[in-house]
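This report refers to the structure that appears directly beneath it.
Heavy-atom basis, side chains included; hydrogens, waters and symmetry copies ignored. Order of appearance sets the numbers: ligands from 1, and atoms from 1 within every ligand.
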Amino acid sequence: MEHGQPDPVGAGRVLVTGAGGQLGAALVEAFPGADARTRADLDVTQPIALGYAPGVVLHAAAWTDVDGAEADETGALRVNVEGTRNVAALGAPVVYYSSDYVFDGTKREPYVESDDPAPLGAYGRSKLLGEREVREGWIVRSSWLFGWTGHNFVCTMLRLGGERDEVRVVDDQHGCPTYVGHLAAATSELVALPGGVWHVAADGEATWAEFAAAIFAETGLACRVVPISTEELGRPAPRPAYSVLRSEREDAPQLPHWREGLRECLARL
Ligand SMILES: NC(=O)c1ccc[n+]([C@@H]2O[C@H](COP(=O)([O-])OP(=O)(O)OC[C@H]3O[C@@H](n4cnc5c(N)ncnc54)[C@H](OP(=O)(O)O)[C@@H]3O)[C@@H](O)[C@H]2O)c1
């Protein structure tokens, strides 16, 4: 599949939804010439009229407030399921970004594509139901995204690390902190591969506390990480204790280690 060049009549053009989000921003860089739509330009919960037929849709728009979804599951479903239905109705193949939160985290070795999803919370349920709206394309499950825009764990730790001597961070959830620049680059590889479900996450694994310690180590911030449990943090949404993702598919894009992603991200901040 060709992409990267704006098409004067729009046919075959790459459409990016959620272009204002952290992954959306990285996709816009990886696919120059794409039709990049922020929420203000294109609300996926409304019927979509583009005036042209896109060649592929990189669907990065989503309800991503995990705790907020517990309070308003209908709202999360509207964006993640109905929104994906509207995007699929455009008729082009869709890259749908899904989540490690479709798994319950009871496994103690990496989740692969053939593992059965069993989401613990409203956000994971909405992302799994969204997967089922994709008629043609790629379901890309990734995890713990961070980038240079918006709110994310790296930005939060940099702020807290500058204000405090110590931070309390959860040390009993294990995942793959994935740099959006690496996921966007992998998307370029993926659209040349067969469709279906693909697990695409950073190499390596970490707990949030280990990730925080690496952020402070890389930036020289003198802030101590105090490991705490998920229960102590007491967030509204349940989260999988273990959600490391790996691919069992031949030719799956291989992402660099999360620490390399962290360094690249910090260099941009
Ligand atoms: N963040 C993670 O850790 C993570 C992990 C695994 C998978 N994912 C998936 O990866 C994708 C990208 O995540 P991200 O971290 O880049 O999220 P993000 O930074 O929250 O970006 C999502 C974007 O979608 C927009 N949006 C929300 N509702 C919309 C609507 N009705 N119509 C159009 N746009 C709408 C948001 O706009 P507003 O800001 O204006 O609401 C935001 O710009 C999502 O599908 C997410 O589920 C994320």
W208 and Q173: CA distance, side-chain angles, deciding distance, side chain to side chain donor-acceptor pair (under 3.5 Å) verdict: CA-CA 7 Å; W208 291 111; Q173 292 170 30; 3.0 Å; yes

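To the nearest 0.5 Å, atoms CG (L190) and CH2 (W198) are separated by 6.0 Å. Atom CE of residue M157 and atom CD1 of residue I215 lie 6.5 Å apart, to the nearest 0.5 angstrom. Here CZ of R132 is found 9.5 Å from CD1 of I139. Values are rounded to the nearest 0.5 Å. The OG atom of S99 sits 4.0 Å away from atom OH of Y123, with the distance rounded to the nearest 0.5 Å.
The shortest distance between side-chain heavy atoms of F146 and V180 does not fall below 4.5 Å. Residues T178 and W144 fail the side-chain proximity criterion, which asks for heavy atoms closer than 4.5 Å. No side-chain heavy atom of L262 sits under 4.5 Å from any side-chain heavy atom of Y179. You'll find the side chain of H59 reaches within 4.5 Å of the side chain of T84, heavy atoms only.
With a 4.0 Å heavy-atom cut-off, ligand 1 is reached by the side chain of T64 but not by its N, CA, C or O. Counting heavy atoms closer than 4.0 Å to ligand 1, residue V79 contributes side-chain atoms (C-beta onward) but none from N, CA, C or O. The proximity of S142 to ligand 1, defined as any non-hydrogen pair under 4.0 Å, is limited to the backbone. At a heavy-atom cutoff of 4.0 Å, ligand 1 is contacted by the backbone of L42 but not by its side chain. At a heavy-atom distance under 4.0 Å, no atom of A19 approaches ligand 1. Heavy atoms from both the backbone and the side chain of Y97 come within less than 4.0 Å of ligand 1. Under 4.0 Å from ligand 1, the heavy atoms of K127 that appear belong solely to its side chain.
Between the side chains of H199 and E248, not a single donor N or O lies within less than 3.5 Å of an accepting N or O. A side-chain N or O of T187 and one of Y97 form a donor-acceptor pair less than 3.5 Å apart. A donor-acceptor contact closer than 3.5 angstrom is absent between the side chains of T156 and H151. There is a side-chain donor-acceptor pair under 3.5 Å between E131 and S98. Under the 3.5 Å distance criterion, with hydrogens and angles disregarded, a donor-acceptor pair is assigned to the side chains of D171 and T207.
For atom 12 (C) of ligand 1, the nearest protein heavy atom (residue, atom name, distance) is A60 O, 3.6 Å. Looking from atom 48 (C) of ligand 1 to the surrounding protein, the closest heavy atom is L145 CD1, 3.6 Å. The protein heavy atom nearest to atom 47 (O) of ligand 1 is Y123 OH, 2.7 Å. Looking only at protein heavy atoms, the nearest one to atom 16 (O) of ligand 1 is L23 N, 2.8 Å. What sits closest to atom 43 (O) of ligand 1 on the protein, heavy atoms only, is G21 N, 3.1 Å. Nearest non-hydrogen protein atom to atom 36 (C) of ligand 1 is A62 O, 4.4 Å. For atom 14 (P) of ligand 1, the closest heavy atom belonging to the protein is Q22 CG, 3.7 Å. With respect to atom 31 (N) of ligand 1, the closest heavy atom belonging to the protein is D43 OD1, 2.9 Å.
When distances from atom 39 (O) of ligand 1 to the protein are checked, no heavy atom turns up under 4.0 Å.
Looking at ligand 1, you'll find an N or O of R39 within less than 3.5 Å of one of its N or O atoms. Ligand 1 has no nitrogen or oxygen under 3.5 angstrom from a nitrogen or oxygen of G24. Of the N or O atoms in T38, none lie within a sub-3.5 Å distance of an N or O in ligand 1.
Interface of S98 with ligand 1, defined as ligand atoms under 4.0 Å from a residue heavy atom, comprises 6 (C), 7 (C). Set against the non-hydrogen atoms of A61, the atoms of ligand 1 under 4.0 Å away are 24 (O), 33 (C), 34 (N), 35 (C). Taking a cut-off of under 4.0 Å to the non-hydrogen atoms of T45, the atoms of ligand 1 that pass are 31 (N).
Judged by the shortest distance from any of its heavy atoms, W144 lies inside the 4.0 Å radius around the atoms of ligand 1. Look at A40 and you'll find every heavy atom at least 4.0 Å from all atoms of ligand 1.
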